[in-house]
Amino acid sequence: MILNYFKIAFRRLQKHKLYTAVNLVGLTIGIASCLLIGLYIINEVSYDRFNKNADRIVRVVMQYGEGGKQVVAVTGTKVGPQLKRSFPQVQSFVRLINGSAVIKKGDEIFDEKRFLYADSSFLSIFSFPLLRGDTKTALDAPNKVVLSESMAKKYFGDADPIGQTLRINDSKDFQVTGIIADAPENSQVKYDFIASFTSLDASKTEQWFTANYVTYLLLHDKNQVSSFNKQLNDYMLGVSKNELHLEANSPLQYKLEPLLNVHLRSPYDGLEPNGSLTTVYILGIIALLILVIACINYTNLATVQSGARSAEIGIRKVLGAQRGQLFNQFIGESFLLTFLSLIVAIILALVFLPYFNQLTGKVLSFSILLQPVPVVLLVFFCALIALVSGSYPAFVLSNARLINILKSGLRMTSSGGAFRRSLIVFQFFVSVCLIISTIVILQQLHYIQNKKLGYDKDHVIVLPVNWRMRPQYEAIKTEIGRLPQVISVSGANAKPTFVQWGDGITADNGHGKINLDIKALPCDLGFIKTMDMKLVAGTGFTRADLALADTSDQGKNFKYAFILNETAAKDLGWTPEQAVGKTIEKGAPGVVKGVVKDFY
């Protein structure tokens, strides 16, 4: 009987090609959109859940400055070891720092962007499979490195890399001690190389500050986070007072973030930019609305088509067809059309997945949906779509009275017409809302792309300067400056788009001392000219200012030269003109040379 329902349904869909095509396209686009958005959402909410110890791993976040206003997801080198020594709750710790490195093998040189330094406990705290090598010894000594599976293939092909050496930054030879599986997309920790943390000079001393390292702790009990946070707070108050001699209103503090909360619920970026829980919710709502529109479209078209089926329904009822049999026949058409749409939607999603990855910046794989549980959920989801979108038309068609059909054909009741009109109104309302949202987003993108940022971003080329280039920096700068296409050359610690250097300054504005937490951008001569920033008072740096940075005699004669922005001058209680020539303390004294217009 069921096979007969589907056979008749297939014949009808084949006969009414336009009706079938419109519904198929609508449902296909809706389901394909949901599949792609679903891949993104699954990736976001599953971050780091592959770790067996995920519920016992916490990230240490550092708070400092007046009132703890400065918060960063990096720490000094002392945090992990000291907390392990001081608190029985801590089973283990790992410190990480990610950066780029120049790798040399034979005559070939590569600039690798994902070079990670980590303590030897990395391999036991996180659940990245070590394919070759010993977990206990792979990172237990200086100058050891573990390669990802992809990098092992890149550098050594089919040869065995274990025991081979790679020249890192043209300064040290690192021995390859293991091969580790490539990091999954839904991991905060991504790597191509993992080198032993003890290879760094910073590992030789333990410091609370010099915060460059992401520190994770493995706790004995996942339920200890809240109580441990309170104990840690009290402990650091004592350290700040007795060891670091910090003022009472500016203690050094740490708080713990559960690993599974970091990606979507933490405002502090660590090894990679965090995601947004709000974005996940918004995308989920958008996917649902797209699907609702497709279902309403099918319901309306199927209901409108009901008038053309009066003869078919009348004959079936005359021949003894029951209401349940008619309902099953019509709902069968809905199921058949929905599952045909699912098949086409999967093909469409596979075709557009590379473009979707490019749009989102992810490397999503459709294999996520091919696991047993997602497959069952997908089939159930499509059955639900078929039931929701097909129930009302099937109910209308199967509930028609024979006498009414024989008299005047199948007609919609006034209540049924009102319901259909309300569906159309809702469909148009949702469509208009989505279109308006799209227009707003496009306007925002246009605004971002064309906003005057306070510096020139269109005519500036940024070139990285690594440690090998630094001794020749002035020569390189001079040669670049001789090119006829180059107007100006300068250098800085970072790009204006991403200033990470956190610091603090103190100044006396005539009404008392003011402590100000700042973001600092150490830069070379000519930086303001090169970036086309606007000085509102004073001058830029000169050679004489560089000479003030006297590091001889243990820096006893060291002095700074500062350029503030308008906001910093205002926060210190000065106008731009008043700020020029004033003295500021930042460990050593310095004079304000100029004030630059605020930039974004």
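Asp532 places no side-chain N or O within donor-acceptor distance of the main-chain N or O of Tyr455, the cut-off being under 3.5 Å. Between the side chain of Lys457 and the backbone N or O of Gln449, at least one donor-acceptor pair lies under 3.5 Å. Checked by atom type and distance alone, the side chain of Ser121 pairs as donor or acceptor with a backbone atom of Phe93 at under 3.5 Å. A distance-only check finds no donor-acceptor pair linking the side chain of Asn557 to the backbone of Ser552 [under 3.5 Å]. Ser240 places no side-chain N or O within donor-acceptor distance of the main-chain N or O of Leu237, the cut-off being under 3.5 Å.
A salt bridge is absent between Asp107 and Lys105: the closest approach of a Lys/Arg side-chain nitrogen to an acidic carboxylate oxygen does not fall below 4.0 angstrom. In this structure, Asp234 pairs ionically with Lys230, as a charged nitrogen and a carboxylate oxygen lie closer than 4.0 Å. Taking the charged nitrogens against the carboxylate oxygens, Asp524 and Lys477 do have a contact shorter than 4.0 Å, which makes a salt bridge. Residues Asp545 and Arg543 are not paired through a salt bridge, judged by the lack of any N-O separation under 4.0 Å between the basic side chain and the carboxylate. Checked for salt-bridge contact, Asp160 and Arg132 meet the test: a charged N lies under 4.0 Å from a carboxylate O. One finds a salt bridge joining Asp119 and Arg95 here, because a Lys/Arg side-chain nitrogen approaches an Asp/Glu carboxylate oxygen to under 4.0 Å. In this structure, Glu243 pairs ionically with Lys78, as a charged nitrogen and a carboxylate oxygen lie closer than 4.0 Å. For the pair Lys559 and Asp550, the salt-bridge criterion is not met [side-chain N within less than 4.0 Å of a carboxylate O]. With respect to Arg114 and Glu272, no salt bridge is recorded, no charged nitrogen being found less than 4.0 Å from a carboxylate O.
The two residues Asp111 and Ser100 have their closest heavy-atom pair at OD1-CB, 4.1 Å. Here the closest heavy-atom approach between residue Ser488 and residue Gly526 is recorded as OG-O, 4.0 Å. Counting all heavy atoms, side chain and backbone alike, Thr506 lies closest to Lys513 at CG2-CD, 4.1 Å. Residue Phe562 comes nearest to Gly590 through the heavy atom pair CE1-CA, 3.6 Å, listed as atom of the first residue, atom of the second, then distance. For Val536 against Glu577, the heavy-atom pair with the smallest separation is O-OE2, 3.9 Å. For the residue pair Phe174 and Ala195, the shortest heavy atom distance occurs at CE2-CB, 3.8 Å.
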- Derivation and outcome, salt bridge (Lys or Arg N to Asp or Glu O under 4.0 Å), residues Lys144 and Asp140: CA-CA 8 Å; Lys144 288 187 174 183; Asp140 67 344; 2.7 Å; yes
- Item | Working for side chain to side chain contact (heavy atoms under 4.5 Å, CB included), residues Thr177 and Val146 | CA-CA 6 Å; Thr177 55; Val146 173; 3.8 Å; yes
- Message: What verdict does the side-chain hydrogen bond (donor to acceptor under 3.5 Å, both in side chains) test give for Gln253 and Tyr235, after you've listed the backbone C-alpha separation in whole Å, the side-chain angles of each residue and the deciding distance to 0.1 Å?
- Response: CA-CA 9 Å; Gln253 290 287 339; Tyr235 175 78; over 6 Å; no
- Query: Can you list the steps and then say if Asp173 with Thr165 is a side-chain hydrogen bond (donor to acceptor under 3.5 Å, both in side chains)?
  - Reply: CA-CA 6 Å; Asp173 289 323; Thr165 59; 5.2 Å; no
- Could you walk me through whether Thr215 and Thr75 pass the side-chain hydrogen bond (donor to acceptor under 3.5 Å, both in side chains) test, one step at a time? CA-CA 7 Å; Thr215 301; Thr75 71; 2.7 Å; yes
- Task: Show your reasoning for whether side chain to side chain contact (heavy atoms under 4.5 Å, CB included) applies to Thr77 and Thr210.
- Result: CA-CA 8 Å; Thr77 54; Thr210 315; over 6 Å; no
- Yes or no on side chain to side chain contact (heavy atoms under 4.5 Å, CB included) for Met236 and Val239, after CA distance, side-chain angles and deciding distance? CA-CA 5 Å; Met236 288 309 301; Val239 170; 4.0 Å; yes
- Chi angles and distances behind the side chain to side chain contact (heavy atoms under 4.5 Å, CB included) call for Leu219, Phe228: CA-CA 10 Å; Leu219 306 182; Phe228 185 23; 3.8 Å; yes
- Message: Run the side-chain hydrogen bond (donor to acceptor under 3.5 Å, both in side chains) test on Ser490 and Thr530 for me, step by step, so that the C-alpha distance in whole Å, both residues' side-chain angles and the decisive distance to 0.1 Å come before the verdict.
- Response: CA-CA 6 Å; Ser490 186; Thr530 302; 4.6 Å; no
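Cation-pi geometry between Lys582 and Trp574 is met: the NZ or CZ atom falls under 6.0 Å from the ring centre, inside 45° of the normal. Cation-pi geometry between Lys154 and Phe110 is met: the NZ or CZ atom falls under 6.0 Å from the ring centre, inside 45° of the normal.
Once rounded to the nearest 0.5 Å, the distance linking CG of Leu260 with CZ of Arg59 reads 12.5 Å. Note that CG of Leu256 and CG of Asn233 are 10.5 Å apart. Values are rounded to the nearest 0.5 Å. The CH2 atom of Trp208 sits 8.5 Å away from the CD atom of Glu206 when rounded to the nearest 0.5 Å. Note that CD of Glu44 and CG of Asn274 are 9.5 Å apart. Values are rounded to the nearest 0.5 Å. Going from atom CD of Gln175 over to atom OG of Ser196 covers 10.5 Å, rounded to the nearest 0.5 Å. The CG atom of Asn509 sits 9.5 Å away from the CD atom of Gln578 when rounded to the nearest 0.5 Å.
Residues Leu264 and Tyr47 fail the side-chain proximity criterion, which asks for heavy atoms closer than 4.5 Å. Taking the side chain as every heavy atom from C-beta outward, Asp192 and Leu147 never approach each other to under 4.5 Å. In this structure, Ile584 and Val592 have side chains that are in contact, with non-hydrogen atoms separated by less than 4.5 Å. A heavy-atom distance below 4.5 Å is found between the side chains of Ile180 and Tyr191. The closest side-chain heavy-atom distance from Leu546 to Phe541 is not below 4.5 Å. With a 4.5 Å cut-off on side-chain heavy atoms, Asn43 and Lys362 count as touching.
Atom NZ of Lys255 has more than 12 neighbouring heavy atoms from other residues, nucleotides or ligands inside a 6.0 Å radius. Within a 6.0 Å sphere centred on CG of Leu445, heavy atoms belonging to other residues, nucleotides or ligands number more than 12. Crowding of Tyr600 atom OH: a count of heavy atoms from other residues, nucleotides or ligands under 6.0 Å not exceeding 12. For NZ of Lys204, the number of neighbouring non-hydrogen atoms (other residues, nucleotides, ligands) closer than 6.0 Å is greater than 12. No more than 12 heavy atoms of other residues, nucleotides or ligands shown are found within 6.0 angstrom of NZ on Lys597.
Between Phe197 and Tyr117, the distance separating the two ring centers is not shorter than 6.0 angstrom. Side-chain rings of Phe126 and Tyr216 approach one another, their centers coming within less than 6.0 Å.
Using a 30° and 60° split on the angle between ring planes, Tyr155 and Phe193 fall in the perpendicular class, above 60°. Ring geometry for Phe128 versus Phe122: interplanar angle under 30°, hence parallel rather than tilted (30 to 60°).
If you run side chain to side chain contact (heavy atoms under 4.5 Å, CB included) between Gln224 and each of Gln89, Arg56, Gln231, only Gln89 comes through.
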